[in-house]
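The structure appears below as structure tokens.
Computed from a prediction, not measured in an experiment: that's the story for all the values here. Index from 1, following the sequence.
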Amino acid sequence: SLQAKQIITVNTVRLNERPSIRNKVKKRFYNTELEVNRKFEGLVQSHAGGWESKRTGILAIKMGMSFTFDRWGKRHPLTVLQVDRCQVVCHKTVEKDGYNAMQLGVGSKSIKSLKKPEIGHYLKANVPPKRKLWEFPVTPENFLPVGYQVSVRHFTPGQYVDIKAVTKGKGFQGPMKRWGFGGQPASHGVSISHRSHGSTGQRQDPGKVFKNKKMAGHMGAKQRTAENLRVYKIDVPRSLIFLRGSVHGPISGIVYVRDSLKKYLENMEYLNFPTFVYQDGIEYAREIIMEASDQDPAEVYKHENDVLKDQKEEA
């Protein structure tokens, strides 16, 4: 009935509501993590991990940007990501596929747009159709059961992550916008070619245009990675991750979040292997924010030879 449809919610989007183009955060939100993972109780055991241990990443949806201030008054630009029903779909093993990895899916997709092999793939895993699938390489001790839903608690505020996403497509652009060329003179000696790139080759020798020459062409729509972004905050009821800094791609685009490769030493105190596992009898916080620095950031950058304001007044 219509009344039942209005009450039932699936994580972010109501069943009787068409998703917004901008995919904004819904006010009526229902996180299905605990209900989905109830059947996996006892199957996932946390362990200490190690230097060679590699755990999975997650898929998320970019919601936009915001900002906040810490207790010192420092402004932090934040990118908001939402983890929308990110579940394990299948395993890749060395015996069968030649490598160890987990395939994760995020979001939802209408069954009308699926082909028969895709329907069989989801039926075998007993998970609903996903908007996007992606593989994350893992070590064998960090496998999660098929169907397990990975939450935002997989990451801890304070740790570093790498974000992979497809940049915004800009279409066909000229050399000034695409490569930052200065252009031709704006007044004398130039006719209808003020924004052109000019000569692209030499003389009869070499007699060609070298590959990768910076010229006009298609701009954007390429996969790029933002490294060493710090997790500032997680919001568990709404499945939100707040990252300090900017992330490639448009709003509602899919991003791939994984532990930072270059900051692995700094991350060791934050990581939960294979993922965060709830313990009985413990009440967990709904929101977790990264601890602010013990010292005022304005004091950190003062040099011993700097003349302070108080010293000027005494002089």
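- For the pair Ser46 (side chain) and Val277 (backbone), a donor-acceptor distance under 3.5 Å is absent.
- Heavy atoms only, all atoms of each residue included: Tyr270 and Gln159 are closest at CB-CB, 3.7 Å.
- A side-chain donor-acceptor contact under 3.5 Å links His47 and Asn142.
- With 3.5 Å as the limit, one finds no donor-acceptor pair spanning the side chains of Tyr256 and Gln223.
- Just one residue in the list Asp162, Leu261, Ile163 forms a side chain to side chain contact (heavy atoms under 4.5 Å, CB included) with Glu227, and that residue is Asp162.
- Taking the ring centre of Phe67 as origin, the terminal cationic atom of Arg75 falls inside the region bounded by 6.0 Å and 45° from the ring axis.
- Residue Lys263 comes nearest to Asn228 through the heavy atom pair CG-OD1, 3.4 Å, listed as atom of the first residue, atom of the second, then distance.
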task = Output, in order, the C-alpha distance, side-chain angles, deciding distance and verdict of side-chain contact (heavy atoms from CB on, under 4.5 Å) for Trp134 and Ile254.
result = CA-CA 10 Å; Trp134 192 260; Ile254 300 293; over 6 Å; no
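- A donor-acceptor pair is defined here as one N or O able to donate and one able to accept, closer than 3.5 Å; such a pair exists between the side chain of Trp179 and the backbone of Met215.
- Under the 3.5 Å distance criterion, with hydrogens and angles disregarded, no donor-acceptor pair is assigned to the side chains of His248 and Thr167.
- By the criterion of side-chain heavy atoms lying less than 4.5 angstrom apart, applied directly or through intervening Ile, Leu, Val, Met, Phe, Trp or Tyr residues, Leu271 is not grouped with Val138; the two fall into different hydrophobic clusters.
- At distances below 3.5 Å, at least one donor-acceptor pair connects side-chain atoms of Tyr284 with backbone N or O atoms of Gln279.
- The minimum heavy-atom distance between Val257 and Leu81, with the atom names listed, is CG2-CD1, 3.9 Å.
- In the model, Glu52 has no side-chain atom that pairs as donor or acceptor with a side-chain atom of Thr139 under 3.5 Å.
- Under the 4.5 Å side-chain criterion, counting only non-hydrogen atoms from C-beta, Lys213 is not in contact with His197.
- Closest heavy-atom contact between Phe69 and Gly73: CD2-O, 3.5 Å.
- Taking a 6.0 Å sphere around CD1 of Ile111, one finds it holds 12 or fewer heavy atoms contributed by other residues, nucleotides or ligands.
- A heavy-atom distance below 4.5 Å is found between the side chains of Asn100 and Phe143.
- Within the 4.5 Å cutoff, the side chain of Glu135 has heavy atoms near those of the Tyr99 side chain.
- With contacts defined as side-chain heavy-atom distances shorter than 4.5 Å, the pair Gln103/His121 qualifies.
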